[in-house]
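A quick write-up on the structure given underneath.
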Amino acid sequence: QVQLVESGGGLVQAGGSLRLSCAASGRTLSRYNMAWFRQAPGKEREFVAGITWSSGSTYYADSVKGRFTISRDNAKNMVYLQMNSLKPEDTAVYYCAAGDNLRAGPNWYAYWGQGTQVTVSS
């Protein structure tokens, strides 16, 4: 079992930055592919960014490419999402997820955090 806890969300003005953190406990994250998803009110949960466990390759949704950066520290059992140039449409609950496969669909991930709210004001 893996327990994931997100932190770092909050209220920020458009153009600002936030850094989300995901702390894992229970088992090491080093063998899991990790991803960040987000869900806005009335919308489906969508893939934001992912990072593989083996090579550290990263993948991003087109909507955040060039603005967000995902990283991981296996020694600390942590995953991060640096979000720059935030836009009001980035407002959502952000979730950290761990799974054996790095895919865009949320069903591929077995472990989820409780989410952290990100609100971007215009």
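Predicted model only: the values in this text are computed from it and were never measured. Throughout, numbering of the chain's residues begins at 1 and tracks the sequence.
Rounded to the nearest 0.5 angstrom, Tyr60 OH and Arg67 CZ are separated by 12.0 Å. Once rounded to the nearest 0.5 Å, the distance linking CD of Gln39 with CD of Glu46 reads 9.5 Å. Distance check: Glu6 CD to Cys22 SG gives 5.5 Å after rounding to the nearest 0.5 Å. Leu18 CG to Thr119 OG1: the interatomic distance, rounded to the nearest 0.5 Å, is 9.5 Å. Here Tyr111 contributes atom OH and Met34 contributes atom CE; the two are 11.5 Å apart, rounded to the nearest 0.5 Å. The distance from the CG atom of Leu81 to the OG1 atom of Thr116 is 11.0 Å, given to the nearest 0.5 Å.
Residues Leu102 and Val2 fall into different hydrophobic clusters, defined by Ile, Leu, Val, Met, Phe, Trp and Tyr side chains chained together at heavy-atom separations under 4.5 Å. Under the 4.5 Å side-chain heavy-atom criterion for ILVMFWY residues, a single connected hydrophobic cluster contains both Leu4 and Val118. Val64 and Ile70 fall within the same hydrophobic cluster, where Ile, Leu, Val, Met, Phe, Trp and Tyr residues are linked whenever their side-chain heavy atoms come under 4.5 Å apart, directly or through other members. Both Val48 and Val12 belong to a single network of hydrophobic side chains, linked directly or stepwise wherever heavy atoms of I, L, V, M, F, W or Y lie under 4.5 Å apart.
Residues Leu20 and Met83 share a closest heavy-atom pair of CG-CE, 3.7 Å. The heavy-atom pair separating Val120 from Lys87 by the smallest distance is CB-O, 3.2 Å. Taking each heavy atom of Gly56 and Ile51 in turn, the nearest pair found is O-CG1, 3.7 Å. Summarising the geometry of Val5 relative to Gln114, their closest heavy-atom pair is CA-OE1, 3.7 Å, with the distance given to 0.1 Å. Of all the heavy atoms in Thr91 and Ala40, the pair that sits closest is O-CB, 3.7 Å. Of all heavy-atom pairs spanning Met78 and Ser21, the tightest one is CE-CB, 3.8 Å.
Looking only at atom types and distance, the side chain of Ser17 has a donor-acceptor partner in the side chain of Asn84 under 3.5 Å away.
Without hydrogens or angle criteria, Thr52 side chain to Ser57 main chain gives a donor-acceptor distance under 3.5 Å.
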(request) In sequence, state the C-alpha distance, the side-chain angles, and the governing distance for Asp62 and Lys65, and then conclude on salt bridge (charged side-chain N to carboxylate O under 4.0 Å, His left out). (result) CA-CA 5 Å; Asp62 288 343; Lys65 203 170 292 183; 3.1 Å; yes
(request) Would you sort out whether Phe68 and Trp36 count as a side chain to side chain contact (heavy atoms under 4.5 Å, CB included), showing the intermediate values? (result) CA-CA 11 Å; Phe68 290 12; Trp36 287 94; over 6 Å; no
(request) Before giving the answer on side chain to side chain contact (heavy atoms under 4.5 Å, CB included), spell out for Ser71 and Gln82 the whole-Å C-alpha distance, their side-chain angles and the decisive distance to 0.1 Å. (result) CA-CA 8 Å; Ser71 61; Gln82 178 66 44; over 6 Å; no
(request) Mind running side chain to side chain contact (heavy atoms under 4.5 Å, CB included) on Asp73 and Tyr80 for me, showing each step along the way? (result) CA-CA 8 Å; Asp73 186 335; Tyr80 306 98; 4.2 Å; yes
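Partner of Phe37 under the ring-ring contact (aromatic ring centres under 6.0 Å, His included) criterion, chosen from Tyr109, Tyr95, Trp108: Tyr109.
For an aromatic pair to be called close, the ring centres must be under 6.0 Å apart, and Tyr59 with Phe47 fails this.
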